[in-house]
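A short worksheet on the structure shown next.
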Amino acid sequence: MYPFSQIEKKWSKRWFETKIYEPNLRRAKRPFYNLMMFPYPSAEGLHVGNMYAFTGSDIYGRFRRMQGNDVFQPIGLDGFGIHSENYALKIGTHPMKQAKVSEKRFYDQLRSIGNGFAWEERLETYDPEYYKWTQWIFVQMWKRGLAYRKKASVNWCPSCKTVLADEQVVNGDCERCGTEVVKKDLEQWFFKITKYADRLLKNLDNLPGGKAGIDWSEKVKIAQRNWIGKSESTEINFSIKASDKIITVVTTRADTIFGATFLVLAPEHGLITELAHQIKNYDEVRHYAEKAMKKTDFERGLLAKKKTGVRLKGVLAINPVNGVELPVFVSDFVLISYGTGAIFSVPAHDERDFEFAKLFHLPVISVIERPKREALGPISVQIYDEDLSETATEIKRFGIAREYATPTVRVYEIARKNVDRVIEILERARIGNRKDHELIRRGEDFTLEIKPRAINFLAVYTGDGRHINSGFLNNLRTEAAIKKVDTWLKERGMGKPAVYYHLRDWLISRQRYWGPPIPMIHCPACAKASSGKENAGWYAVPEKDLPVKLPQIKNFRPTGKGEAPLASVKSFYETKCPECGAKARRETDVSDTFLDSDTFLDSAWYFFRYTSVDDKTCPWRPEIAKKWLPVNRYIGGAEHSVLHLLYSRFLTMVFKEMGLINFEEPFTEFRAHGLLISSGAKMSKSKGNVVVPDVYIKKYGADVVRLYLMFLGPYEQGGDWRDAGIIGIVRFLNRVWNLGVKLGTGYKVQSTGRVSPWLHPHIKEITEDIANLKYNTAIAELMTALNKFEKEKQISRKDFETFLLLLAPLAPFITEELWQKLGNKYSIHNQAWPKFNTKYLIQNTITLIVQVNGKVRGQVSVKRGVGETEAKKLALAEEKIKKAIGAGKIKRTIFVKDRLINFVV
RNA sequence: GCCCCCGUGGCGGAACUGGUAGACGCGCAUGGUUUAGGACCAUGUCUCGAAAGAGGUAGGGGUUCAAAUCCUCUCGGGGGCACCA
């Protein structure tokens with residue numbers, strides 16, 4: 001095997017010393033900011049998944065460098081956070097100490113993978129020089145009214161002993177430790193990201209000034225759209241009988257208002273207490289509401305199989321469109337966090353409402369006519385699970401053509417002539433009325449589908465259709481009906497169109513130790529003086545006093561009392577009010593630092609800081625930031641679709657408003673790489689299939705590991721690491737080495753000084769593949785080229801050098817070594833990317849495919865650009881073609897120039 | 001439940017705007033080379049068939065001269081959101 005170890009060591013050192021990957025930040029002429037997601041320095045060390053992400057990004061950066069860009073490719077560590085803190089607790093050390101240990105290990109590893117990092121610009125989020133500016137940003141947010149403190153019912157992880165953002169709760173469990181999350185009422189700090197919801201959404205499609213939206217992987221854009229969750233809704237006011245109070249509900253289906261048969265309030269709804277005197281069963285209602293409020297969203301949502309609720313006796317709401325009096329309920333299926341926390345229910349056209357109506361035996365009024373069966377096209381029958389056995393047996397008597405079952409569906413194919421009789425059986429089984437029986441056509445037979453949970457579909461129709469029983473909305477369809485009712489309500493002041501978002505404000509405070517302290521001070525004296533005002537007594541730490549340093553304390557263990565560890569450190573929290581000078585108390589929470597690989601506030605702006613890491617006077621120097629930002633290309637994992645990537649966009653918008661920058665989207669291009677799995681499964685410690693790159697780098701060298709990772713599959717789709725295939729890459733690079741050494745030591749080589757024509761199409765392919773992140777096919781193409789070299793036995797030096805240049809971004813070490821061995825100037829990575837000449841892409845003789853009735857029957861060699869008449873003549877001269885056509889007459893000829901000719905007989 | 005992605009040899013995966021399916025690599029087989037090898041070299045490798053030929057991209061249906069590619073339904077896998085009114 002080629003001496004990779006020696007080579008890689010040598011060049012790592014040389015690159016570092018000669019700073020070939022350090023662009024001149026001030027003077028660069030063609031700046032290209034190639035960003036990769038800085039890693040979280042976990043105790044386990046650099047993961048092969050990290051290397052996968054970094055290699056893919058690095059190849060692209062190297063490619064751009066060779067194409068003439070000044071590429072800036074910085075790296076740093078996202079080292080604050082609960083993961084490090086927990087690890088320090090576990091092994092009985094201090095996070096500050098551990099950080100230094102991990103830092104060294106990570107940087108050593110990062111140096112070994114062959115990436116062209118700009119080491120001088122590296123940063124660590126736990127460095128006071130960095131988090132000083134994280135805190136500064138917090139202060140700016142505060143000054144602009146975008147940071148606020150609020151008592152809220154928040155997600156609390158009893159194990160991590162801190163609050164969690166909604167995004168960090170997965171199926172009711174803590175994303176990190178899997179402990180069930182509970183609800184707690186705590187005062188917390190929030191950022192008003194909701195204020196930017198519309199802009200965050202719009203920019204995905206169109207940037208201000210009519211420009212096209214940001215160029216991101218489509219799936220990430222979709223995820224953000226879903227997360228922001230815009231709904232065009234209507235607010236409708238229901239007055240309450242014998243009261244001056246009003247219930248404002250929110251709906252996206254105002255068209256169904258004539259079908260409303262009751263109202264439901266969220267347990268937290270303020271009206272419940274306001275109407276206390278009117279509610280006859282107030283104790284019962286209050287009891288229910290209090291119990292519900294203690295439940296987590298998960299318990300109220302997914303977990304709750306059955307609806308619960310209590311009627312507000314003595315309260316009747318009046319439907320504005322028809323004056324009908326409707327009962328009002330409280331139920332935990334309505335959430336205070338969305339809309340107004342109140343809804344009107346239309347059981348005929350909403351499944352949840354229907355569930356609830358069944359429970360309380362409430363009327364169901366249908367206001368939308370279902371489309372007729374014919375109009376539905378394919379039709380299907382669905383039966384409730386319990387009914388299945390008996391009915392199915394009966395149906396089976398008709399002779400089932402085919403039967404198959406899945407966990408949720410049982411499908412029978414029955415002959416057409418039996419359809420009506422089967423429907424009869426279904427009716428007898430009282431599965432629904434005839435209208436709801438639906439059959440799927442399947443050739444000559446029909447498919448009868450029997451699905452569990454079908455009863456709701458039978459009773460509830462959520463689709464569009466002609467409106468009935470709806471007064472002035474009769475005969476309209478949904479869209480038109482909504483418009484009409486909106487106008488109607490607005491004219492009478494009874495409602496108005498409104499837009500709602502699912503996006504919530506960003507909860508950023510955490511009750512832990514290992515994070516940047518929130519730079520706020522609370523003064524009790526001032527609070528008293530201006531009591532009643534919002535945020536009374538709260539002041540930002542004056543900017544000259546930043547950073548608020550995180551003190552090294554002995555007991556950094558989380559308290560679990562809703563208080564951060566710093567709350568018991570007197571020397572930390574005791575301070576003076578910046579306003580009145582009285583004794584005041586510092587905020588002791590730290591800002592959001594959570595997630596294995598990411599700390600949100602810290603990481604939401606790190607790419608700005610890279611441009612000015614040594615500047616102590618500002619977060620970034622405007623002239624340098626202007627030159628390099630926004631980031632030209634960002635490559636990272638899709639798991640950050642809605643967290644890091646959304647927060648970064650939000651902060652960038654704020655920075656623009658502050659006049660700090662002149663753009664509002666931080667990443668011009670974002671590409672999500674695929675997930676790297678191992679032996680068919682997601683890598684995880686519990687499965688024991690985590691691959692650590694070090695072992696392989698030691699055994700085969702970084703070039704081999706890089707190439708293998710990239711060869712696994714399309715970069716944007718991910719790949720499956722299996723040890724078996726790595727040998728193919730080892731062979732490939734060995735062959736490259738052997739060939740290179742032969743040339744370098746004076747074997748006979750042709751030296752024409754020009755790139756051979758046959759290589760040009762390969763240059764084109766490789767260039768395009770790398771530009772499109774299709775590294776797997778780029779490597780395949782390089783392998784093909786090598787095969788050709790070996791077959792020819794005669795090699796020109798120029799061709800081989802070109803080959804090395806093409807391979808250089810992918811395998812930077814071996815190519816650098818061979819480049820030198822061939823007597824070329826350092827460094828290969830600063831050479832110009834090979835160009836291809838289009839005149840060599842065109843072959844003069846091409847193979848024309850000859851088809852008869854669409855089937856390939858032969859091929860003929862023709863001159864490029866040959867016309868139909870000529871091609872036809874040549875094709876028909878072929879024995880095989882003659883035979884295939886036989887006695888038939890050619891009815892039609894399809895001719896695709898330089899590609900094929902097809903005879904239809 | 002809703003949204004997105006995917007399904008091609010024994011395996012990872014190629015296939016441009018529909019136009020010779022299986023590039024490249026792994027594995028396997030045969031031969032060579034080597035003291036030996038898990039090293040290297042050569043040849044072969046979708047299925048059936050002696051061949052001519054036929055079939056073949058999860059399955060059904062469709063559009064087309066022509067479908068892995070487009071439409072549609074079903075099945076299966078992965079990811080995201082989820083009582084959001």
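Chain naming here is simple, since letters A, B, ... match the order of the sequence lines and numbering starts at 1 in each.
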### Summary
Protein heavy-atom contacts under 4.0 Å, written 5' to 3' over nucleotides 64-70 of chain B as B (base), S (sugar-phosphate only) or - (none), form the string -B-----
### Message
What does the B/S/- profile of nucleotides 33-45 of chain B look like, 5' to 3', with a 4.0 Å heavy-atom cutoff to protein?
### Response
------SSS----
### Message
Run the side chain to side chain contact (heavy atoms under 4.5 Å, CB included) test against A342(A) and tell me which residues pass, sequence neighbours left out.
### Response
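Residues passing side chain to side chain contact (heavy atoms under 4.5 Å, CB included) with A342(A): I247(A), V249(A), L265(A), H269(A), T340(A).
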#### Entry: Ion pair check, K774(A) and E765(A), cut-off under 4.0 Å
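No, no charged N to carboxylate O under 4.0 Å.
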With both distances under 3.5 Å as the test, what is the Watson-Crick or G-U wobble partner of [N]?
{"N": "G38(B)", "value": "none"}
{"N": "U47(B)", "value": "A54(B)"}
{"N": "U20(B)", "value": "none"}
{"N": "A68(B)", "value": "none"}
{"N": "C2(B)", "value": "G80(B)"}
{"N": "A15(B)", "value": "none"}

#### Entry: Aromatic centroids of F789(A) and W758(A) separated by under 6.0 Å
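Yes: the rings meet the under 6.0 Å criterion.
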### Query
Are F711(A) and Y775(A) an aromatic pair by the rule of ring centers under 6.0 Å?
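No; Y775(A) has its ring centre 6.0 Å or more from that of F711(A).
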### Message
For a side chain to side chain contact (heavy atoms under 4.5 Å, CB included) check, start with the C-alpha distance between I228(A) and L646(A), then their side-chain angles and the critical distance, and finish with the verdict.
### Response
CA-CA 10 Å; I228(A) 296 166; L646(A) 198 62; 4.3 Å; yes
With [atom1] as the reference atom in both, quote the distance from [N] to [M] in angstrom, rounded to an integer.
{"N": "U35(B)", "M": "A42(B)", "atom1": "C1'", "value": "23 Å"}
{"N": "G32(B)", "M": "A23(B)", "atom1": "P", "value": "27 Å"}
{"N": "C75(B)", "M": "G60(B)", "atom1": "C1'", "value": "10 Å"}
{"N": "C41(B)", "M": "U34(B)", "atom1": "P", "value": "16 Å"}
{"N": "C5(B)", "M": "U72(B)", "atom1": "P", "value": "13 Å"}
{"N": "G18(B)", "M": "C70(B)", "atom1": "P", "value": "9 Å"}
{"N": "C48(B)", "M": "A67(B)", "atom1": "P", "value": "25 Å"}
{"N": "C11(B)", "M": "C28(B)", "atom1": "C1'", "value": "11 Å"}

### Task
Answer yes or no: does a side-chain N or O of R857(A) lie under 4.0 Å from OP1 or OP2 of A54(B)?
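The answer is yes; a side-chain N or O of R857(A) sits under 4.0 Å from OP1 or OP2.
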How is [X] classified with respect to the nucleic acid when contacts are heavy atoms under 4.0 Å: base, sugar-phosphate, or nothing?
{"X": "V334(A)", "answer": "base"}
{"X": "S331(A)", "answer": "nothing"}
{"X": "D353(A)", "answer": "nothing"}
{"X": "K891(A)", "answer": "nothing"}

### Message
Nearest 0.5 Å, please: how far is CG in L786(A) from CZ in R735(A)?
### Response
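Answer rounded to 0.5 Å: 4.5 Å.
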### Query
Got a second to check how far K496(A)'s NZ is from I236(A)'s CD1, nearest 0.5 Å?
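Going from NZ on K496(A) over to CD1 on I236(A), the span is 12.0 Å.
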### Task
Would you jot down, in residue-number order, the residues of residues 770-785 of chain A having a non-hydrogen atom under 4.0 Å from RNA chain B?
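Nucleic-acid contacts, sorted: N776(A), T777(A), A780(A), M783(A), T784(A).
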### Message
Let's see if you get this right: which residues in residues 704-718 of chain A place a heavy atom under 4.0 Å from RNA chain B?
### Response
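Result for residues 704-718 of chain A: F711(A), L712(A), P714(A), sorted by number.
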Checking the side chain of [X] only, and the main-chain atoms of [Y] only, is there a donor and an acceptor separated by less than 3.5 Å?
{"X": "T194(A)", "Y": "R504(A)", "value": "no"}
{"X": "S233(A)", "Y": "S231(A)", "value": "yes"}
{"X": "H349(A)", "Y": "I368(A)", "value": "yes"}
{"X": "Y500(A)", "Y": "T251(A)", "value": "no"}

How long is the line joining [atom1] of [X] and [atom2] of [N], in whole Å?
{"X": "D332(A)", "N": "A85(B)", "atom1": "CG", "atom2": "C1'", "answer": "15 Å"}
{"X": "H269(A)", "N": "A85(B)", "atom1": "NE2", "atom2": "C1'", "answer": "13 Å"}
{"X": "R899(A)", "N": "U20(B)", "atom1": "CZ", "atom2": "P", "answer": "7 Å"}
{"X": "I849(A)", "N": "G18(B)", "atom1": "CD1", "atom2": "C1'", "answer": "15 Å"}

### Query
Relative to the ring of F356(A), is the ring of F329(A) parallel (under 30°), tilted (30 to 60°) or perpendicular (over 60°)?
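Perpendicular, since the angle between the ring planes exceeds 60°.
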### Message
Looking at every heavy atom in both N319(A) and A260(A), which two are closest together, and how far apart are they?
### Response
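So the two residues come closest at ND2-CB, 4.2 Å.
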Got a list of side-chain donor-acceptor pairs under 3.5 Å for residues 720-733 of chain A, not counting sequence neighbours?
residue, atom, partner, partner atom, Å
D720(A), OD1, S679(A), N, 2.8
D720(A), OD1, G680(A), N, 3.0
D720(A), OD2, G680(A), N, 3.0
D720(A), OD2, R722(A), NE, 2.9
D720(A), OD2, R722(A), NH2, 2.6
W721(A), NE1, D723(A), OD1, 2.8
D723(A), OD1, Y696(A), OH, 2.8
D723(A), OD2, Y696(A), OH, 2.9

### Task
Taking the side chain as every heavy atom from C-beta outward, state whether L900(A) and V850(A) have any atom pair closer than 4.5 Å.
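No, every pair of side-chain atoms sits at 4.5 Å or beyond.
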### Task
Answer yes or no: is there a side-chain heavy-atom contact under 4.5 Å between L200(A) and I193(A)?
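L200(A) reaches I193(A) side chain to side chain.
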### Task
Measure from the side-chain heavy atoms of I222(A) and tell me the nearest of C81(B), A85(B), C3(B).
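Between C81(B), A85(B), C3(B), the one nearest the side chain of I222(A) would be C3(B).
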### Query
So which nucleotide from G55(B), A85(B), C26(B) ends up closest to the side chain of A724(A)?
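In terms of side-chain proximity for A724(A), the closest of G55(B), A85(B), C26(B) is C26(B).
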#### Entry: First of G339(A) and N226(A) reached from the 5' end of RNA chain B, by closest nucleotide
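Of the two residues, N226(A) wins.
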### Task
For A223(A) and for I336(A), find the nucleotide of RNA chain B with the closest heavy atom, then tell me which residue's nucleotide is more 5'.
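First, find each residue's nearest nucleotide; the 5'-ward one identifies A223(A).
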### Task
Quick one: classify the glycosidic conformation of G62(B) as syn or anti, with syn meaning within 90° of 0.
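Anti.
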